[in-house]
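All remarks here apply to the structure that follows.
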Amino acid sequence: MRLKVVLLGEGRVGKTSILFRYIRNEFQEKQQSTLQASYMDKKIKVGTTTAQLSVWDTAGQERFHALGPIYYRDADGALLVYDITDSESFTKVRKWVKELRKIVGGDINIVIAGNKIDLERNRQVEEKEVLEYAKSVGATHFYTSAKQNLGLEECFTDLATKMVQQNLTKLQGLAGGFQPKGGKSKLVVVDDTGEGKKSSGGGGCC
Ligand SMILES: Nc1nc2c(ncn2[C@@H]2O[C@H](COP(=O)(O)OP(=O)(O)OP(=O)(O)O)[C@@H](O)[C@H]2O)c(=O)[nH]1
């Protein structure tokens with residue numbers, strides 16, 4: 001099962017760092033700003049299902065905001081990242097949630113990550129506010145540190161679990177759609193040649 005995740009959030013909150021730490025276990029103190037979106041793949045196991053995650057990193061700077069839909073419109077899930085030392089970056093999360101719900105729809109899976117938890121002493125975003133907000137929009141919230149490799153496995157596992165469950169439910173729904181009301185499935189052959197009698201009786205082919 002292939003699943004697409006998009007990382008969204010204000011510039012400098014740590015999206016690229018989260019991606020590099022989660023997939024390659026690398027971290028750079030002087031990570032450059034993203035100018036072009038890119039993605040990395042990772043296999044993840046959820047129960048008995050193996051999913052191939054394509055995790056897309058997007059540019060957070062405001063001037064790139066209009067590009068957002070290109071990356072998120074066919075996403076199965078979004079990881080919305082803010083920096084716990086920057087309250088503006090949390091305000092931006094609220095905007096992303098509204099935008100995603102409006103454009104992609106209510107069923108996109110959302111996880112919120114409060115990054116840079118290693119800088120707790122400089123915290124600007126109140127925990128109570130974040131947790132209440134996350135609950136109100138049906139998202140889960142995790143604290144992460146790309147620098148110290150904290151919370152990332154939990155974050156992606158939670159998002160992957162939601163996406164896999166949603167996909168399995170959709171697949172079951174589709175399979176159910178082919179079941180005739182009577183229960184047993186029947187193959188109905190529709191003859192559109194106008195010579196139905198000829199082909200159905202004789203046992204010959206074509
Ligand atoms: N202390 C600390 N610094 C971090 C952490 N994650 C990222 N950084 C630093 O924050 C800065 C910005 O990180 P990026 O990963 O480039 O942030 P981004 O959200 O991808 O930024 P844009 O590409 O501009 O959207 C870099 O200097 C990182 O080293 C973290 O968990 N803790």
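Just so you know, ligand 1 is whichever comes first in the structure, and atom 1 is the first atom listed for that ligand. Residue indices begin at 1 and follow the sequence shown.
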Item to complete: Report, in ascending order of atom number, the atoms of ligand 1 lying under 4.0 Å from any heavy atom of Gln32.
Response: 16 (O)

Worksheet item: Just which atoms of ligand 1 are under 4.0 Å from any heavy atom in Ser145?
Response: 31 (O)

Discussion item. Applying salt bridge (Lys or Arg N to Asp or Glu O under 4.0 Å) as the test, list every pair that has at least one member in residues 145-159; sequence neighbours left out.
Written reply: Glu29-Lys147, Asp158-Lys162

N or O contact, [X] vs ligand 1, cut-off under 3.5 Å:
| X | answer |
| --- | --- |
| Gly11 | no |
| Ser33 | yes |
| Ile117 | no |

I need the contact type for [X] against ligand 1. Using non-hydrogen atoms and a strict under-4.0 Å cut-off, is it side chain, backbone, both or neither?
| X | result |
| --- | --- |
| Thr16 | both |
| Leu119 | side chain |
| Glu29 | backbone |
| Val81 | neither |

Fill in: Heavy-atom nearest neighbour of atom 8 (N) of ligand 1 within options Arg12, Gln148, Lys116
Lys116

Practice prompt. Indicate yes or no: does Arg2 engage Asp41 in a salt bridge with an N to O separation below 4.0 Å.
Written response: yes

Practice prompt. Compute the ring centroids of Tyr39 and Tyr71, then answer whether they are less than 6.0 Å apart.
Written response: no

Item to complete: Flag the pair Tyr22 / Phe156 as yes when their ring centroid distance falls below 6.0 Å, and as no otherwise.
Response: yes

Discussion item. Taking salt bridge (charged side-chain N to carboxylate O under 4.0 Å, His left out) as the criterion, tell me which of Glu129, Glu88, Glu10 meets it with Arg94.
Written reply: Glu129

